[in-house]
There are 2 protein chains.
Amino acid sequence: MSHGWEAIRADVLRRIQTREWGPGAAIPTEEALSREFGCARATVGRALRDLAATGVLERRRKAGTRVAMRPVRRATLEIPVIRQEVERRGQTYAYRLLADAPEPPPLPVALRLRLPAGAVLRHLTCLHSADGRPFICEDRWLNPAALGGQQPDFAAQSANEWLVANMPYTAGDIAFSAAGAGADDAAAFGIDPGTPLFIVERTTWTADTAITFVRLAYMPGYRLRMTL
Amino acid sequence: MSHGWEAIRADVLRRIQTREWGPGAAIPTEEALSREFGCARATVGRALRDLAATGVLERRRKAGTRVAMRPVRRATLEIPVIRQEVERRGQTYAYRLLADAPEPPPLPVALRLRLPAGAVLRHLTCLHSADGRPFICEDRWLNPAALGGQQPDFAAQSANEWLVANMPYTAGDIAFSAAGAGADDAAAFGIDPGTPLFIVERTTWTADTAITFVRLAYMPGYRLRMTL
DNA sequence: GGCGGGATTATGTGCAGACATATTTGTGTA
DNA sequence: TACACAAATATGTCTGCACATAATCCCGCC
């Protein structure tokens, strides 16, 4: 037990792991713990707040702090820009724009972006590759209205990077799933249609207008890893 | 701007979103901001720390605080117990143990758990269902040595729930991928072998001994959703 | 010009005290 | 018994101050 609030956090976690404080049990008050550890209440509070943020503890005013009954595993997933992900694997990144044309979106896309009927979006298809081999097949629908008049050329810079640089700090949601390769995916990856692919779908918003919906089909065998 | 550190966080975020402070730009010091907002430095620090935790800001001692150059999207993923996930969808949960026998693990599993050669694990196969329809096909390798002498019966209670209740707060890693349904998966779900399935693989550790490796094959069409 | 080392500085952490807020708990009343 | 209300209490937040720590800056020296 060296020092600081992280030491307190570690010690509390240890007591939980050794079941000195079992699931559902109430642990001493901040005040009591601060006396035990010989520090200020704020310091204990910092440690406990951190453990609550990771789902180990549950805290309620007046009710006190207790060990979470069923530990909700909360993992933070970092979603990198594709270029970074490739380069971090020590491979060289390349990007190619395959198609770029205005089109009315299919119904599921229009619904997701909550677009009025008849809206026309910019439809992009591009291929991200690592060391020359296809890595991700991107299928993107972009709302021109959300771009503020600009109509960037995505031949050189990927839409992914342009958006990160020019429309950062947006909100949205993301979904993971598995799907069989479509005709386009199969052609891009050089595989049979129907081959299982890992799919990431992302919808991005500014305050209230939809910016883009993108579907990323990862190369066969791709695994998204994270630590609990 | 109502009150408290959350108001400060909101205001700082607003200035970033309106590009008053562009990507890479340094923002005023805590001291300057505390004067501007008319509050203590600690309060500003709380707000900025929170924004740094979500990847919007980057902070370094002496160097100051700046807007993240490439906003790393950090999403927190909550991994629920399977029963909870099913019940939250308003469906009734059921569980069935299909097989339970000691077996030497296949090489990839042994490597992942860093087991000595010749170790024998408990191999479980079970099916989680929602409203009577197969939901998840579970294939688990359990290290008896890590269970501390106990040999629970998993016919009634799923290994998932037993572990959460009896060996909580462990570490591990998790991976998402897509794979074609194997013979077992296909039989359980009543689908053709090779149908794309969403796969979650998890490895769990206590301090230094491997507890379990589990592969969850989700029903066809399953989507894992999260908010950014 | 290049380099090393100390002064400077912004964040990180800590303390003690105060008040705010949400619950729970206990009490008195209908 | 049931219910409304008040007291008690643990956490949530804020202030103001202090010192620690890690970069950076800058000055003097070679």
Side-chain angles (χ1 to χ4, degrees), chain A residues 1-16 20-69 71-72 74 76, chain B residues 1-16 20-69 71-72 74 76:
Chain A
M1 203 191 311
S2 49
H3 56 287
W5 66 273
E6 294 190 281
I8 295 176
R9 181 184 59 182
D11 197 67
V12 170
L13 187 58
R14 182 187 58 73
R15 294 195 206 182
I16 293 169
E20 185 178 327
W21 295 332
I27 75 173
T29 66
E30 289 190 353
E31 215 262 318
L33 285 174
S34 71
R35 260 183 283 112
E36 182 189 330
F37 285 109
C39 67
R41 184 168 80 90
T43 308
V44 172
R46 191 116 156 64
L48 298 187
R49 193 193 314 142
D50 195 81
L51 286 170
T54 64
V56 173
L57 293 177
E58 282 173 3
R59 319 191 71 194
R60 264 164 55 232
R61 274 181 172 138
K62 160 74 182 175
T65 304
R66 48 189 59 234
V67 181
M69 195 65 96
V72 182
R74 277 199 203 98
T76 57
Chain B
M1 204 190 312
S2 47
H3 56 288
W5 66 272
E6 294 190 277
I8 296 176
R9 180 184 61 183
D11 196 68
V12 170
L13 186 60
R14 182 187 57 73
R15 294 192 208 184
I16 293 169
E20 185 178 328
W21 295 331
I27 76 173
T29 67
E30 289 190 351
E31 216 263 318
L33 285 174
S34 72
R35 260 184 284 112
E36 182 190 331
F37 285 108
C39 67
R41 184 170 80 90
T43 308
V44 172
R46 188 104 158 71
L48 298 188
R49 193 192 316 142
D50 195 81
L51 286 171
T54 64
V56 173
L57 293 177
E58 282 173 4
R59 319 192 71 193
R60 264 161 56 231
R61 274 180 169 135
K62 159 73 183 173
T65 303
R66 50 189 58 234
V67 181
M69 195 64 97
V72 181
R74 278 200 200 98
T76 56

| query | How long is the span from the CG atom in A/D50 to the CD1 atom in A/I8, to the nearest 0.5 Å? | reply | 12.0 Å

| message | If the cut-off is 4.0 Å, is A/R59 near the phosphate of D/dG12, judged by side-chain N/O to OP1 or OP2? | response | yes

| Between CG on residue B/L33 and CD1 on residue B/I27, distance to nearest 0.5 Å | 5.5 Å

| said: Can you see if the side chain of B/T43 gets near the phosphate of D/dT13 - specifically, an N or O under 4.0 Å from OP1 or OP2? | reply: no

| task | Measure from CG on A/L48 to P on D/dG12 and round the result to the nearest Å. | result | 9 Å

| A/R61 has an atom CZ; how far is it from atom C1' of D/dA8, in whole Å? | 16 Å

| query | Starting at CG of A/L57 and ending at C1' of D/dT11, how long is that distance when rounded to a whole Å? | reply | 13 Å

| message | Output the rounded distance in Å from CZ (B/F37) to P (D/dT13). | response | 17 Å

| note | Partner of A/L48 under side chain to side chain contact (heavy atoms under 4.5 Å, CB included), picked from A/T43, A/V12, A/V56, is A/V12

| task | Quickly work out the A/R60 CZ to D/dA10 C1' distance and round it to whole Å. | result | 11 Å

| said: Using whole Å, what does the distance between atom C1' of nucleotide D/dT11 and atom CG of A/L33 come to? | reply: 13 Å

| request: Determine yes or no for a side-chain-to-main-chain donor-acceptor pair under 3.5 angstrom, with B/R66 supplying the side chain and B/E58 the backbone. | output: no

| query | Is A/T29 near enough to D/dT9 that one of its side-chain N or O atoms lies under 4.0 angstrom from OP1 or OP2? | reply | no

| request: Take the protein atom CD of A/E31 and the nucleotide atom C1' of C/dC15, then report the distance between them rounded to whole Å. | output: 14 Å

| query | B/K62 NZ to D/dA22 C1': how many Å, rounded? | reply | 10 Å

| task | Please tell me which of A/W5 and A/A63 maps to the more 5' nucleotide of DNA chain C, matching each residue to the nucleotide holding its nearest heavy atom. | result | A/W5

| message | Is any side-chain heavy atom of A/E30 closer than 4.5 Å to one of A/R59? | response | yes

| task | Would you mind telling me which of D/dT15, C/dA22, D/dC14 lies closest to the side-chain atoms of B/C39? | result | D/dT15

| Side chain of A/A40: nearest nucleotide among D/dT21, D/dT15, C/dA16? | C/dA16

| field | Short side-chain N/O contact from A/R46 to OP1 or OP2 of C/dT13, under 4.0 Å | value | yes

| query | Nearest of D/dC14, D/dG12, C/dT11 to any side-chain atom of A/E30? | reply | D/dG12

| said: I'd like to know if A/R41 reaches the base of D/dG12 with its side chain such that a donor and an acceptor end up less than 3.5 angstrom apart. | reply: yes

